[in-house]
Amino acid sequence: MQVALLRGVNVGRHQRIEMAGLRELLTDLGYGHVRTHLNSGNAVFTNTATAPERAGRDIQDAIAVHLGLTVPVLVRTAAELAAVVAADPLAGIADNPSRYLVAFLSAAPEPGLTTGLDPAAYAPEVFHFGDREIYLWLPDGVIASRIGHTFWEKRLNVTATARNWNTVTRLATLAAG
């Protein structure tokens, strides 16, 4: 199983994608057992022919051609998502899953770009780097955050899309079986 994470869809009036249309698009690409979760661009599907990075590009291209939208798409395998959940480095701190996010990155950050980031400068917010994700504890909420996914995109020169902990764990469960 693989999980597609679409960035910035169905937030406001722009970049609207119906989940039924997304399921159809993924099925037309040859993916099987397509399911969507919530209305925010999360899809779980089977795909044995294409690596996750290629699947992300294929989905992104199909959205551009068929829906006329530019939507970055990151894809993770079920095993990768399970590893994100198992790591849970902020379990002792993050006590509200709606304010505990994982920012999924298009690539691992270059070490030089993370040097000099003093976590204390962003308190009470907390962040922890994974491989291609950043765990974010935002106790004052996402809207008030200084370290949301756009901060990391600019700082690390990557594409990022964030999901709250409830969504991450639910997607991992869906992808597992």
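Values reported hereafter were calculated over all heavy atoms of this structure, with side chains retained and with hydrogens, waters and symmetry mates removed.
With rounding to the nearest 0.5 Å, the separation of CD1 in Ile59 from CG in Leu26 is 5.0 Å. One distance of note links CZ of Arg146 with OH of Tyr122; it measures 7.0 Å at 0.5 Å rounding. Here Glu125 contributes atom CD and Ile147 contributes atom CD1; the two are 4.5 Å apart, rounded to the nearest 0.5 Å. Rounding to the nearest 0.5 Å gives a distance of 11.5 Å between CZ of Arg35 and CZ of Arg23. Between Leu138 atom CG and Ser145 atom OG the span is 4.0 Å, to the nearest 0.5 Å.
Between Glu153 and Arg7 there is a salt bridge, since a side-chain N of the basic residue sits under 4.0 Å from a carboxylate O of the acidic one.
The shortest distance between side-chain heavy atoms of Leu171 and Leu5 falls below 4.5 Å. Residues Tyr100 and Asp95 fail the side-chain proximity criterion, which asks for heavy atoms closer than 4.5 Å. In this structure, Asn96 and Trp137 have side chains that are in contact, with non-hydrogen atoms separated by less than 4.5 Å. The side-chain heavy atoms of Met19 and Ile17, taken from C-beta on, include a pair separated by under 4.5 Å. A 4.5 Å side-chain heavy-atom check between Val126 and Tyr135 finds every atom pair outside the cut-off. Looking at Ile63 and Leu6, their side chains come closer than 4.5 Å, going by heavy atoms from C-beta outward. Side-chain contact between Arg155 and Leu117 is present, with heavy atoms from C-beta onward closer than 4.5 Å. For the pair Asp140/Pro124, a side-chain contact is recorded, criterion being any heavy-atom separation below 4.5 Å from C-beta on.
Each of Thr46, Asn47, Thr77, Thr48 was evaluated against Gln2; a single residue qualifies, Asn47, per the side chain to side chain donor-acceptor pair (under 3.5 Å) test. Here the options are Asn166, Thr167, Thr161, the test is side chain to side chain donor-acceptor pair (under 3.5 Å), and the partner is Arg163; only Thr161 passes.
Linking Ile, Leu, Val, Met, Phe, Trp and Tyr whenever their side-chain heavy atoms come within less than 4.5 Å leaves Leu105 and Val85 in two separate clusters. Ile134 and Ile93 are not part of a single hydrophobic cluster, where members link through side-chain heavy atoms under 4.5 Å apart. Under the 4.5 Å side-chain heavy-atom criterion for ILVMFWY residues, no single connected hydrophobic cluster contains both Val3 and Val34. Under the 4.5 Å side-chain heavy-atom criterion for grouping Ile, Leu, Val, Met, Phe, Trp and Tyr, Leu22 is connected to Leu67 within one hydrophobic cluster. Transitive grouping of hydrophobic side chains (ILVMFWY, heavy atoms separated by less than 4.5 Å) brings Met1 and Leu81 into a common cluster.
Checked by atom type, the side-chain pair Arg99/Asn164 shows no donor-acceptor distance below 3.5 Å.
Remark: the backbone N or O of Pro111 is paired with a side-chain donor or acceptor of Thr115 at under 3.5 angstrom.
A distance below 6.0 Å separates the ring centres of Phe129 and Trp152.
Under the side-chain hydrogen bond (donor to acceptor under 3.5 Å, both in side chains) criterion, the residue pairs touching residues 51-66 are Arg54-Asp58, with sequence neighbours excluded.
Within a 6.0 Å radius of CG in Asn157, other residues, nucleotides and ligands contribute 12 heavy atoms or fewer.
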(message) Determine whether Phe151 and Phe127 satisfy the following criterion, ring pair (Phe, Tyr, Trp, His ring centres under 6.0 Å), listing intermediate values before the conclusion.
(response) CA-CA 12 Å; Phe151 170 85; Phe127 59 88; 7.8 Å; no

